[in-house]
2 protein chains.
Amino acid sequence: MVRLSKRVEYGLIAIRHIATQRNEGIVTAKEIADCYQIPYELLAKVLQKLSRAGLITSHQGVRGGYALARNPNTISVSMIINAIEGSNMGIARCMTEGPESCDVFSVCTIKSPLSKVQANIIQAFDTMTLAQIV
Amino acid sequence: MVRLSKRVEYGLIAIRHIATQRNEGIVTAKEIADCYQIPYELLAKVLQKLSRAGLITSHQGVRGGYALARNPNTISVSMIINAIEGSNMGIARCMTEGPESCDVFSVCTIKSPLSKVQANIIQAFDTMTLAQIV
DNA sequence: CTAACTCCGACCTGATGAGTCTTATTTACA
DNA sequence: TGTAAATAAGACTCATCAGGTCGGAGTTAG
């Protein structure tokens with residue numbers, strides 16, 4: 001299958017929600033979870049990853065929450081996926097983790113055709129910015 | 001992640017190998033497994049699926065094996081993936097299994113932007129035929 | 001100071017994919 | 001006709017990972 005994980009789906013929904021808050025609006029994880037019926041704790045972990053990647057900022061304590069860290073135009077969907085999944089986006093393991101990751105690398109006959117498809121996919125995620133999905 | 005399964009990788013390698021055999025050449029599963037260092041039993045199961053989908057033909061008994069069932073130009077990569085994975089290709093579950101499969105369907109805000117990316121991906125797999133990767 | 005609020009990070013669990021094993025069925029050929 | 005060669009098909013184990021849970025640490029209002 002060629003499928004996004006739940007974490008990525010939740011991350012996209014969440015960061016989009018944060019981006020739609022005007023004038024430095026801070027949103028709590030609970031608020032987002034309630035709004036979209038997303039499991040709170042799972043969403044929290046996703047938000048933490050987005051925070052560590054510098055896409056959103058976190059504020060602890062009462063009246064804390066999350067806010068967008070930069071302009072929606074400078075955040076691509078790839079960045080969001082990489083932040084959550086760990087930058088190993090690729091349709092085959094050998095394309096992100098090197099030849100050692102695949103024991104048929106030397107005799108594999110489908111690398112080059114597949115790499116074209118992959119380039120296609122990555123470009124699509126790469127050119128789509130957060131601003132476009134708000 | 002957006003990754004193909006091992007089964008699909010093996011299936012692509014195998015059907016490509018079969019397609020390169022000239023003049024009705026029949027290839028055994030063992031032959032392919034040896035050639036590419038693929039686990040035999042796993043490969044056998046993949047070949048059975050391709051056979052049931054009508055992409056290759058199987059011949060039992062001594063001197064049996066597999067052969068391509070039709071012209072490589074008429075076999076797309078999507079067909080191969082669907083034969084192996086069961087035609088649920090899509091980057092989100094709700095896009096192949098209907099609204100019931102997703103409990104945030106009604107409030108989900110990322111369906112429409114993602115569906116464009118997905119259309120892009122599917123088209124790439126759809127227009128790439130076996131003939132092109134031989 | 002303290003209590004409420006919020007993020008943080010380690011832990012647990014169940015589903016799914018990868019791979020193995022065993023047995024049945026079909027077929028060519030000696 | 002018997003045997004070896006090949007696919008067919010199911011159950012099984014193991015590893016990985018997505019999904020979900022827990023208690024705790026940090027921060028701020030009052």
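In what follows, chains are A, B, ... by sequence order, proteins preceding strands, each numbered from 1.
- B:A44 comes within contact range of no nucleotide atom at all, as no heavy-atom separation falls under 4.0 Å.
- In the set D:dT7, D:dA18, C:dC7, D:dT7 carries the atom at the smallest distance from any side-chain atom of B:T28.
- Comparing C:dG19, D:dG20, D:dA8 against the side chain of A:P39 picks out D:dG20 as the nearest.
- The side chain of B:L42 lies closest to C:dT20, out of C:dT20, C:dG9, D:dA18.
- Relative to the side chain of B:A29, the nucleotides D:dG19, D:dT7, C:dG9 differ in distance, and D:dT7 lies closest.
- Between A:R16 and A:I13 the shortest side-chain heavy-atom distance does not fall below 4.5 Å.
- Looking at B:Y10 and B:L42, their side chains come closer than 4.5 Å, going by heavy atoms from C-beta outward.
- The side chain of A:R7 lies closest to D:dA18 when the candidates are D:dT7, D:dA18, D:dA5.
- In this entry the distance linking NZ of B:K30 with P of D:dA8 reads 17 Å, nearest Å.
- Residue A:K49 contributes atom NZ, which lies 12 Å from atom P of D:dG19 at whole-angstrom precision.
- Linking ILVMFWY side-chain heavy atoms closer than 4.5 Å, directly or via other members, places B:Y40 and B:I26 in two distinct hydrophobic clusters.
- Residue B:L4 contributes atom CG, which lies 11 Å from atom P of C:dA18 at whole-angstrom precision.
- Taking atom CD of residue A:Q48 and atom P of nucleotide C:dG9, one finds them 6 Å apart after rounding to whole Å.
- Summarising the geometry, the separation between CZ on A:R52 and P on C:dC7 is reported as 14 Å, rounded to the nearest angstrom.
- In terms of phosphate contacts, A:Y66 brings a side-chain nitrogen or oxygen within less than 4.0 Å of OP1 or OP2 of C:dC8.
- For the pair A:G61 and A:E41, nearest-nucleotide mapping onto DNA chain D gives the more 5' position to A:E41.
- The residue from B:I122, B:L12, B:V8 that alone fulfils the side-chain contact (heavy atoms from CB on, under 4.5 Å) condition with B:I81 is B:V8.
- Look at A:Y40 and you'll find a side-chain N or O under 4.0 angstrom from OP1 or OP2 of C:dC7.
- Toward the 5' end of DNA chain C, the nearer of the two residues A:K45 and A:S58, judged by each one's closest nucleotide, is A:S58.
- Between B:L50 atom CG and D:dA8 atom P there is a gap of 11 Å when expressed in whole angstrom units.
- In this structure, B:R63 reaches the C:dC29 phosphate: one of its side-chain N or O atoms is under 4.0 Å from OP1 or OP2.
- B:L68 is listed as a side-chain neighbour of B:I75, based on a closest heavy-atom distance under 4.5 Å.
- Rounded to an integer number of Å, the gap from NZ of B:K6 to C1' of D:dA15 is 14 Å.
- Evaluation of atom-type donor-acceptor distances gives no pair under 3.5 Å for the side chain of A:Q60 against the base of D:dT27.
- Residue A:E9 contributes atom CD, which lies 13 Å from atom C1' of D:dG19 at whole-angstrom precision.
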